[in-house]
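Read the structure below first, then the notes.
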Amino acid sequence: MSEEKHLNFIEEIIKEDLESGKYSSIVTRFPPEPNGYLHIGHAKSICLNFGLAQKFGGYTNLRFDDTNPVTEDVEYVDSIKEDIKWLGFQWQNELYASDYFNILYSFAVELIKKNLAYVDDLTPDEIAASKGTPTEPGKDSPNRNRSIEENLRLFEEMRDGKYGDGAKVLRAKIDMASMNMHMRDPIMYRIKKAAHHRTGDAWNIYPMYDFAHGQSDSIEKVTHSICTLEFIPHRELYDWFIDKLEIFPSHQYEFARLNLTYTVMSKRKLLQLVQDKYVESWDDPRMPTLSAMRRRGYTPEAIRDFCDRIGVAKRENLIDVGLLEFCVREHLNKVALRRMVVFDPLKVVITNYPDSMEVEMLTGEDNPEDAESDSREIPFGKELYIEQEDFMENPPKKYFRLFPGGMVRLKHAYIIKCEEVIKDENGNIKELHCTYIPESKSGSDTSGIHVKGTLHWVAVQNAVTAEIRLYDRLFKVENPGSEEGDFKDYINMDSLQIVKTVYAEPALKNAKFNERYQFLRKGYFTLDAKETYNRLVFNRTVTLKDTWAKESKKVQPIS
RNA sequence: UGAGCUAUGGUGUAACGGUAGCACUACUGAUUUUGGUUCAGUCAGUUAAGGUUCGAAUCCUUAUAGCUCAACCA
């Protein structure tokens, strides 16, 4: 693991910092704002930050960037913590930017005293107008040269609540002509007479991101402060505050955020999907949030593996969701319990099977990939269900499922031969009459017969019923965000398919939450923690790879 | 079009002036009591043009393309 040959550019930097003796160990942080749910993009950042500390020695803080009381809530704090723990990471310290409000205030006073900050009375519009444009310099505020004393007094009054929201701000005195718009006297503090979820009504003023983030990093002695590309223009300011305040020099590094095909990642768009009822909730299994993926049956191992495989770099990327699905399948293949479930039943009667009273029990391994795994008993019977799609009256070439006169093996059971197709008065297939070959029993097959197809099945008498929910991609296009018009125009309206009644082998009666199942030949499923009360509801985590689907399209293209 | 960041197979990511590699996808074939898994293999790439150098994906110049920046959001 630690012998990884290729380091990403951040690991490269850390390695050099450690070798040069700049640091003896590292400190990173994951800094969410508690105003929404974590998604797979956050997982990339979490895996990066926590992974770096694990790999190079050091620790990671969880710090909530809670400097805007009007958008934040403890509800989000709790869900964020749950998601990080679920992913398998443990933070060293649980911290809040709001813990630093006092010291941040004193930092501001210090800058005023150094004549590097001033109180401005301009309105938001006026400030915006005087900022200039990227091609034209801005203009100094008329309040820019207030005396230090006056600034001190005014700032104190802002804190004490003497002015209303928006009446005044504290600005850094830097350069209104800077090429970097963020250096044109950025706002450090604004008045917000709002209750904060942690500090209550203690404050009338709150620091802006730029005045809180770097200093919080510094206070925590964060060595490598890692964020996404859009913060590159903020770095100059980040460094400026640290430099003027003469505090611990944390350094900011930026990487490209994760983009995934067939979904959207921005909080704004995800919120719209929920509000406009395109999905049920934030943890609707089609959402890219971690809570949704958990509910859908994705495993933390798979997500970590995915984050590992996608790498870390500075170029924009759009990663094929197929890679995520690959990671999920790869892990699930190793841990999922195999079970048989018929989605769309076709009755099969074994005409030569004895009408005995006792039920014949067969044995099926829980997981052929895991030698340690257990097995379960499966009842057989004279009447069975197989899948409608596993029988064809007029099969195409290369079809090796059941057809009139054809033979298949029933998984863990016997080879059967289709003798007769029974139809109703409308000509629809009602049931199949088959014969079985007694000496072909699984595990003790002396029949000498070899068949190409093996089908899953369920004994009618012992079947338990369940509901399943099949999920498809939420969008019809790879990159809905970059498409013309509204991203919502590209929503796949068939992304959820509910099958009210499927027939499962009895072992599934005792299905457990957090247990993963592979419904043989159908896909990976897990019990829905939200919908399962006194009935069984399974979510399809991901399908199995289906080469036959591709093949059959080639053989007889369907419109 | 000011400034900044970035350009390597279909996708993602390595190669740190010296053989363009790995993974996913796609496609072959073998194995298989899951058309799954596993195994073997195939296709496929340095944005362009100049320059430096014995040698350039890598350094320089120019061009082109994409992304970002003017919230009292983070």
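Given the structure is predicted, the values throughout are model-derived calculations rather than measurements. Just so you know, these numbers use all the heavy atoms, side chains as well, and skip hydrogens, waters and symmetry mates. We name chains A, B, ... by the order of the sequence lines, and we start the count at 1 in each one.
Atom C1' of nucleotide B:U32 and atom CZ of A:Arg338 are separated by 14 Å, given to the nearest angstrom. As a whole-Å value, the separation of A:Tyr253 OH from B:C5 P is 16 Å. B:U33 atom C1' lies 11 Å from atom NE2 of A:His450, rounded to whole Å. Whole-Å rounding puts the A:Arg540 CZ to B:G36 C1' distance at 15 Å. In this structure, A:Ile386 places its CD1 atom 20 Å from P of B:U33, rounding to the nearest Å. One interatomic measurement links the two molecules: CD1 of A:Ile232 to C1' of B:C69, which rounds to 10 Å at whole-angstrom precision. In this entry the distance linking NE2 of A:His182 with P of B:C73 reads 14 Å, nearest Å. Distance, A:Leu260 CG to B:C24 C1': 13 Å, rounded to whole Å.
Relative to the ring axis of A:Phe487, A:Lys269 places its NZ or CZ within 45° and under 6.0 Å from the centre. Cation-pi contact between A:Lys168 and A:Tyr163: present, with separation from the ring centre below 6.0 Å and deviation from the ring axis of at most 45°. At least one cation-pi condition fails for A:Arg63 and A:Phe30: the charged atom is not both under 6.0 angstrom from the six-membered ring centre and inside a 45 degree cone around its axis. A cation-pi contact, defined as under 6.0 Å to the ring centre and within 45° of the axis, is absent between A:Lys314 and A:Phe255.
Of all nucleotides listed (B:U6, B:A70, B:G35), B:U6 comes nearest to the side chain of A:Lys314. Across B:C67, B:A70, B:U68, the shortest atom-to-atom separation from the side chain of A:Thr133 is found for B:A70. Side-chain proximity of A:Pro368 to B:C72, B:U34, B:G35: nearest is B:U34. Candidate nucleotides B:U37, B:G12, B:U13 were compared by shortest atom distance to the side chain of A:Ala313, and B:U13 ranks first. The side chain of A:Arg190 lies closest to B:C73 when the candidates are B:C73, B:C67, B:A70. Between B:G2, B:U33, B:A26, one nucleotide has an atom nearer to the side chain of A:Arg409 than all others, and that is B:U33.
The ring of A:Phe231 has its center closer than 6.0 angstrom to the ring center of A:Tyr209. Aromatic ring centroids of A:Phe155 and A:Tyr189 lie under 6.0 Å apart. Taking the centre of each ring, A:Tyr517 and A:Phe525 stay at or above the 6.0 Å mark.
Taking the P atoms as reference points, B:G66 lies 24 Å from B:A14, given to the whole Å. Straight-line distance between the C1' atoms of B:C24 and B:G17: roughly 31 Å, to the nearest whole Å. For the P atoms, the distance from B:U62 to B:A23 is 39 Å, rounded to whole Å. Look at the P atom in both B:A3 and B:U42: the space between them is 49 Å, to the nearest Å. Rounded to whole Å, the P atom of B:C59 lies 11 Å from the corresponding atom of B:U6. Here the separation of B:U52 from B:A57, taken at their P atoms, is 16 Å to the nearest Å. Distance check on atom P: B:A48 versus B:U8 gives 11 Å, rounded to whole Å. Of the C1' atoms belonging to B:G45 and B:G10, the separation is 11 Å, rounded to the nearest Å.
Between A:Tyr385 and A:Tyr503, the ring planes are tilted. Angles from 30° to 60° get that label. Classified by interplanar angle (parallel below 30°, tilted 30° to 60°, perpendicular above 60°), the ring pair A:Phe538/A:Phe519 is perpendicular. Using a 30° and 60° split on the angle between ring planes, A:Trp203 and A:Phe101 fall in the perpendicular class, above 60°.
Between the A:Arg190 side chain and the A:Pro207 main chain, a donor and an acceptor come within less than 3.5 Å of each other.
Residue-to-nucleotide contacts include no donor-acceptor pair under 3.5 Å from the side chain of A:Glu369 to the base of B:U38. Looking at A:Ser442, its side chain comes within 3.5 Å of the base of B:U33 through a donor and an acceptor atom.
Residue ring and base: A:Trp548 counts as stacked with B:G35 (centre distance below 5.5 Å, interplanar angle below 30°).
OP1 or OP2 of B:G36 sits under 4.0 Å from a side-chain N or O of A:Thr547. Residue A:Lys267 has no polar side-chain atom (N or O) positioned under 4.0 Å from OP1 or OP2 of B:C73. Residue A:Lys522 places none of its side-chain N or O atoms closer than 4.0 Å to OP1 or OP2 of B:G36. Taking 4.0 angstrom as the limit, A:Arg401 places none of its side-chain polar atoms (N or O) nearer than this to OP1 or OP2 of B:G35. Checking the phosphate oxygens (OP1, OP2) of B:A74, a side-chain nitrogen or oxygen of A:Thr67 falls inside 4.0 Å. Contact annotation: A:Arg315 reaches the phosphate of B:A14 (side-chain N/O to OP1 or OP2, under 4.0 Å). Close to B:C73, at under 4.0 Å from its OP1 or OP2, lies a side-chain N or O of A:Lys192.
B:U34 is unpaired under the Watson-Crick or G-U wobble criterion, no partner having all donor-acceptor distances under 3.5 Å. Under the Watson-Crick or G-U wobble criterion, with both distances below 3.5 Å, B:A26 is paired with B:U42. The partner of B:C59 is B:G51, by the rule that a Watson-Crick or G-U pair needs both atom distances under 3.5 Å. B:U13: Watson-Crick or G-U partner is B:G21, with both key distances under 3.5 Å. When both distances must be under 3.5 Å, the Watson-Crick or G-U wobble mate of B:A3 is B:U68. Nucleotide B:A74: unpaired (no Watson-Crick or G-U wobble partner with both distances less than 3.5 Å).
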- Message: Before you tell me yes or no, could you show the steps for A:Leu337 and A:Arg339 under side-chain contact (heavy atoms from CB on, under 4.5 Å), namely the whole-Å CA-CA distance, both residues' side-chain angles and the distance that decides it to 0.1 Å?
- Response: CA-CA 6 Å; A:Leu337 268 31; A:Arg339 296 291 183 261; 3.8 Å; yes
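Using a 4.0 Å heavy-atom criterion, one finds that A:Gly443 contacts the bases of the nucleic acid, with or without backbone contacts as well.
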Give me, pair by pair, the N or O atoms of the protein and of nucleotides 15-18 of chain B that are less than 3.5 Å apart, along with how far apart they are.
{"residue": "B:C16", "atom": "N4", "partner": "A:Glu12", "partner atom": "OE1", "Å": "2.2"}

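You'll find the side chain of A:Leu270 reaches within 4.5 Å of the side chain of A:Val264, heavy atoms only.
A heavy atom lying under 4.0 Å from RNA chain B marks the following residues of residues 317-331 of chain A, by number: A:Asn317, A:Leu318, A:Ile319, A:Asp320, A:Leu323, A:Phe326.
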